[in-house]
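Notes follow once the structure below has been shown.
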Amino acid sequence: MGKFGKTEGKALRFDLTDMRLFLAVVEQGSLTKGSEIMNLALASVSERISGMESSLGAQLLERNRRGVTTTAAGDALVRHARLILNQVEQMRGELRTYGTGLKGRIRLLSNTAGLAAFLPHRLCRFLVAYPDLSIDLSERPSNEIALTIAEGRADLGVVADIADLAALQTRVIAQDQLVVVMSETHRISDQRSVAFADVVGEPFVGLSDAALEAHLGERAARLGRQIYYRIQFRRIEHVAMLVKSGVGIAILSEASTQDLTRLGLAIVPLQDPWALRQLHLCAHDFSALTPHAGLLAQQLMEP
């Protein structure tokens, strides 16, 4: 099936190879790089894309010296192709698990706070109760999780309410307090709580969580200030190492700092009302989840 569709008025047929090829070209921004990834000749790639445009009666790509960009029609095709290919891969994965003795696999994403304290006990209880099910668990920033769920590339996500959740269905499952982490010799290390305004001028060691960084940046801007990050890491232990050395302070989720006091660090809660965040379980549509993912969602939403 070489064509993506035929003339107007006839049934539109989808070729999985064409969709994979189109996504490869769009993601690489180049016909040449897309052809390399798909292991196809450049002429063949160009012919396929042109054939798709001709049969659809719409231009999908704008070609220029720097490569290619999508048109409005191309953006629509990207969105639908990702959903279709994701469902195909999900089908293959679920069928493959029957050959290995597994009966189902659930794709779950979580931010650092959810993984640090909320999820381990509940996932343990779930996996013990359902021995035929398995979970693909990945740690991601909240904003990235929300986008991945919206695009249908994962079943469930655990995120902070600072992410953009407008396109998703959500349920509040826990609370998450933001705290200031500093060396034990820091000037405010002995305080019971501290206002954000009292520390915003300090040098920071950041956690590479785009959602948290944006949230703190917005709060700083309301005070007419800007956060100065000396460096940012993806892992808590690396942040802790530099904080202990006096490089700067960090603002983190309380749940993610449970093991840091033994490292000789002081942890002081932020007293601002916005520092008490909500953790949400999110899905594109809870009613459309697979039976396996629905069972996990129910488990995570229980008190």
Side-chain angles (χ1 to χ4, degrees), residues 23 26-27 69-70 72 74-87 90 106-119 136-179 196 200 204 206-223 225-227 229 232-234 236 250-256 270 272-289 293-294 296-297 300-301:
L23 288 180
V26 170
E27 289 167 359
T69 56
T70 52
D75 289 337
L77 178 56
V78 166
R79 189 167 61 252
H80 288 291
R82 282 175 174 163
L83 288 172
I84 291 168
L85 292 174
N86 178 70
Q87 289 195 338
Q90 182 178 356
I106 306 158
R107 297 160 301 168
L108 173 65
L109 304 177
S110 176
N111 65 357
T112 302
L115 276 177
F118 178 77
L119 283 177
D136 289 329
L137 176 62
S138 297
E139 181 180 358
R140 305 279 179 80
S142 291
N143 275 340
E144 185 178 332
I145 293 172
L147 179 60
T148 302
I149 297 293
E151 292 179 346
R153 293 184 283 126
D155 299 305
L156 295 165
V158 176
V159 299
D161 56 4
I162 56 179
D164 183 2
L165 305 176
L168 305 176
Q169 293 184 359
T170 65
R171 304 287 189 275
V172 176
I173 54 176
Q175 289 188 328
D176 172 37
Q177 173 69 48
L178 291 178
V179 297
F196 180 62
V200 68
F204 274 67
L207 186 65
S208 298
D209 182 332
L212 177 58
E213 178 185 348
H215 185 51
L216 294 176
E218 178 187 350
R219 291 293 169 175
R222 293 186 183 187
L223 298 172
R225 308 292 295 276
Q226 184 175 358
I227 295 178
Y229 288 101
Q232 291 175 272
F233 293 101
R234 288 193 67 89
I236 294 287
I251 293 181
L252 303 172
S253 156
E254 184 177 35
S256 68
L270 276 177
D272 305 75
W274 54 263
L276 183 60
R277 308 184 298 171
Q278 304 288 338
L279 279 183
H280 290 255
L281 179 68
C282 63
H284 190 271
D285 182 351
F286 283 107
S287 65
L289 290 172
L296 177 58
L300 297 180
M301 286 188 284

Checklist entry - Could you go step by step and tell me if Leu137 and Leu115 meet the side chain to side chain contact (heavy atoms under 4.5 Å, CB included) rule? => result CA-CA 10 Å; Leu137 176 62; Leu115 276 177; 3.5 Å; yes

Checklist outcome for this item: Value for CG (Leu212) from OG1 (Thr112), rounded to nearest 0.5 Å, stands at 9.0 Å

Checklist entry - Tell me, do Phe196 and Leu223 make a side-chain contact under 4.5 Å, heavy atoms counted? => result yes

Item to check | Within-4.5 Å side-chain heavy-atom neighbours: Leu289 and Leu296 | outcome: no

Item to check | Reported CD-to-CD distance for the pair Glu144 and Glu139, which is rounded to 0.5 angstrom | outcome: 11.0 Å

Checklist outcome for this item: For Leu168 and His284 the tightest heavy-atom approach is CD2-CA, 4.2 Å

Item to check | Residues that Arg82 engages under salt bridge (charged side-chain N to carboxylate O under 4.0 Å, His left out), provided they are two or more places apart | outcome: Glu27, Glu151

Item to check | Over all atoms of both residues, closest heavy-atom pair of Ala163 and Asn143 | outcome: CA-OD1, 3.1 Å

Item to check | Within 6.0 angstrom of Gln226 CD, more than 12 heavy atoms from elsewhere | outcome: no

Item to check | Nearest non-hydrogen partners of Leu108 and Gly157, listed with the distance | outcome: CD1-N, 4.3 Å

Checklist entry - Which pair of non-hydrogen atoms, one from Leu156 and one from Ala293, has the smallest distance, and what is that distance? => result CD1-O, 3.6 Å

Item to check | Point-to-point distance, once rounded to the nearest 0.5 Å, from CD1 of Ile236 to OG of Ser253 | outcome: 7.5 Å

Checklist entry - With Asp164, which residues qualify under side-chain hydrogen bond (donor to acceptor under 3.5 Å, both in side chains), at least two apart? => result none

Checklist entry - Is it true that a side-chain atom of Gln177 and a backbone atom of Ala255 form a donor plus acceptor pair closer than 3.5 Å? => result no

Checklist outcome for this item: The reported gap from CG in Leu279 to CZ in Phe118 (rounded to nearest 0.5 angstrom) is 7.5 Å

Checklist entry - Looking only at atom types and distance, does a side-chain atom of Thr148 sit under 3.5 Å from a main-chain N or O of Ala154, one as donor and one as acceptor? => result no

Checklist entry - When rounded to the nearest 0.5 angstrom, what distance separates CD1 in Ile227 from CD1 in Ile251? => result 6.0 Å

Item to check | Flag side-chain contact, heavy atom, 4.5 Å: Leu77 against Thr70 | outcome: no

Checklist entry - How about Leu23 and Val78: do any of their side-chain heavy atoms sit closer than 4.5 Å? => result yes

Item to check | Pair Asp161-Arg277, salt bridge (charged side-chain N to carboxylate O under 4.0 Å, His left out): steps then yes or no | outcome: CA-CA 6 Å; Asp161 56 4; Arg277 308 184 298 171; 5.4 Å; no

Checklist entry - Rounded to the nearest 0.5 Å, how far apart are CZ of Arg140 and CZ of Arg234? => result 8.0 Å

Checklist entry - Got a donor-acceptor contact below 3.5 angstrom from the Asp155 side chain to the Arg107 backbone? => result yes

Next on the checklist: Tell me the closest heavy-atom pair linking Phe286 and Leu281, and the distance in Å.
Outcome noted: CZ-O, 3.7 Å

Item to check | Residue pair Asp176 / Glu254: nearest heavy atoms and the distance that separates them | outcome: OD1-N, 3.9 Å

